Amino acid sequence: MDIKKYVKEIREKLGEKDNGQTEYLQAIDEFLPSMEAFLAKNPEFAEANILELLIEPERVIQFRVPWQDDQGNWRVNRGYRIQYNSAIGPYKGGLRFHPSVNLSVLKFLAFEQIFKNSLTGLPIGGGKGGSDFDPKGKSDGEVMRFCQSFMTELHKHIGPNTDVPAGDIGVGAREIGYLYGTYKRIRNYDAGVLTGKPLTYWGSQTRTEATGYGAVYFVRHLLNDLNDSFEGKKVVVSGSGNVSIYAMEKAAELGATVLTCSDSNGFVYDPDGIDVALVKEIKEKKRERISKYVETRKNAVYHDGQSVWDLKEAYDIALPCATQNELNKEQAAILVENGVKIVAEGANMPCTLDAVHVFAENNVLYCPGKAANAGGVAVSALEMSQNSERLSWSFEKVDGMLDDIMKNIFEICRDTAKEYGQENNFVLGANVAGFERVAEAMLSQGLV
Ligand code: GLU
């Protein structure tokens, strides 16, 4: 069987069917070269046509979300849930509320989620959902009515053993609370249908911190392998949401100086190291813009309308934690000039494909999101376990389990890359290791 031809034909068919779904096809294009390598070694999976089957989402749900604003006007948004693959467990993945949300964005996110979830070693399939609703600038009442309307439809498609959503951009504790309350009222039971719940009802310790901490744990294990550590390192972080805040917190705790954070309006540079408590106060409590930061910290500078990735300054580690395609090829070249050694993605697909190529050509160790940011969903799966046994584990226990999971993910990515003669190619390592588990499960379930 001609593997190159087989993979190329799958891509061509998809390009025709999903023409214009740019982000989705980008995620596929990142994935397929790894599949060529894998299938050349394991032709039985190509013969069974698992790849083409897996690429087709099991179910795509789209629905109307009507809601009333504070002035009494009826408004409408689009809601989605992509139930991509359930071979290794119930669909699992966040909900994103952001104006950029469309089918392409959610399909890319759900596709990546399959392999991310597989890498955690826990029994969770891949899914994602959300809406083009923008919580920014909306009142609490508007957000509540939107969430209630969203769940009025979504509840028909989810359940603790079938599909378990969580948060993502624009969906934090407030939104999870309103969604959960609505599900409970309609279905008259609750346990475990959403993760990322507050600690007062079924939430897990460490879930809030998990994605950011997990990304830093991943890098710590990589550094450890190089007989190095975070101590004294300069770290540049983008974003100032949940992932970013806890990545900064853990990196600083491990002895690094975090120089930056950002939002969609601009970025802050603080030579003394970002004051994470202040960022929490601004973003988590007051829901204000990051420009407020420099009102308190006098040595810090706010760069309006600029990207963190345009910063020309020496640093060791970059953690893109904002959103997809935030770091392009030209900016990747700036990072190389700056002397960056490691780029680890806290966000999903923040680096464009071209940017990733620049890192590879310049021996920058690049850790793709599906491996480096798997900590969030991993602790979500631990939240599901705790909900099932009606128990809550301690912060130390969950944090320790998170660290072990990130260590395993790092090692499996490293070892798989080596096995394929492509040392340090963590993209290949993550894709192949993530795919293998799902593909084996599909085969054994007779899904071909
Ligand atoms: N939204 C997160 C992610 O991208 C977490 C999903 C979850 O906890 O289900 O992985």
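Basis for what follows: all heavy atoms, side chains included, without hydrogens, waters or symmetry-related copies. Starting from 1, each residue takes its place in the sequence as its number. Note that the structure is a prediction, hence the values are computed from the model and not measured. As the structure lists them, so they are numbered: ligands from 1, and atoms in each ligand from 1.
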(request) Determine, using ring centers only, whether F150 and Y178 are less than 6.0 Å apart. (result) no
(request) Can you spot which of T195, N117, T120 makes a side-chain hydrogen bond (donor to acceptor under 3.5 Å, both in side chains) with K92? (result) T195
Considering all heavy atoms of both residues, which atom of [X] and which atom of [Y] are nearest to each other, and what is their separation?
X: Q148; Y: T182; value: CG-OG1, 3.3 Å
X: D270; Y: I274; value: CB-CD1, 3.8 Å
X: T323; Y: A347; value: N-CB, 3.8 Å
X: S204; Y: Q386; value: OG-NE2, 2.9 Å

(request) Identify the protein heavy atom lying closest to atom 6 (C) of ligand 1, giving its residue, its atom name and the separation to 0.1 Å. (result) G94 N, 3.5 Å
(request) Would you kindly specify which portion of L109 sits under 4.0 Å from ligand 1, judged on non-hydrogen atoms: side chain, backbone, both or neither? (result) neither
(request) Would you kindly specify which portion of R96 sits under 4.0 Å from ligand 1, judged on non-hydrogen atoms: side chain, backbone, both or neither? (result) neither
(request) For ligand 1, find out whether one of its N or O atoms is nearer than 3.5 Å to an N or O atom of P165. (result) no
(request) Check if A381 has a non-hydrogen atom at a distance under 4.0 Å from any atom of ligand 1. (result) no
(request) For Q113 and ligand 1, answer yes if some heavy atom of the residue is under 4.0 Å from a ligand atom, otherwise no. (result) yes
So if I count the atoms of ligand 1 from 1 in the order they appear, which ones are less than 4.0 Å from some heavy atom of [X]?
X: N348; result: 4 (O)
X: K116; result: 3 (C), 4 (O), 10 (O)
X: A166; result: 7 (C), 8 (O), 9 (O)
X: S380; result: 7 (C), 8 (O), 9 (O)

(request) Step through the shown structure and confirm whether more than 12 heavy atoms of other residues, nucleotides or ligands are within 6.0 Å of NZ on K138. (result) yes
(message) Regarding atom 5 (C) of ligand 1: of the candidates K128, R207, K92, which has the closest heavy atom?
(response) R207
(message) What I'd like to find out is whether the side chain of L365 reaches to under 4.5 Å of the side chain of V343, using heavy atoms alone.
(response) no
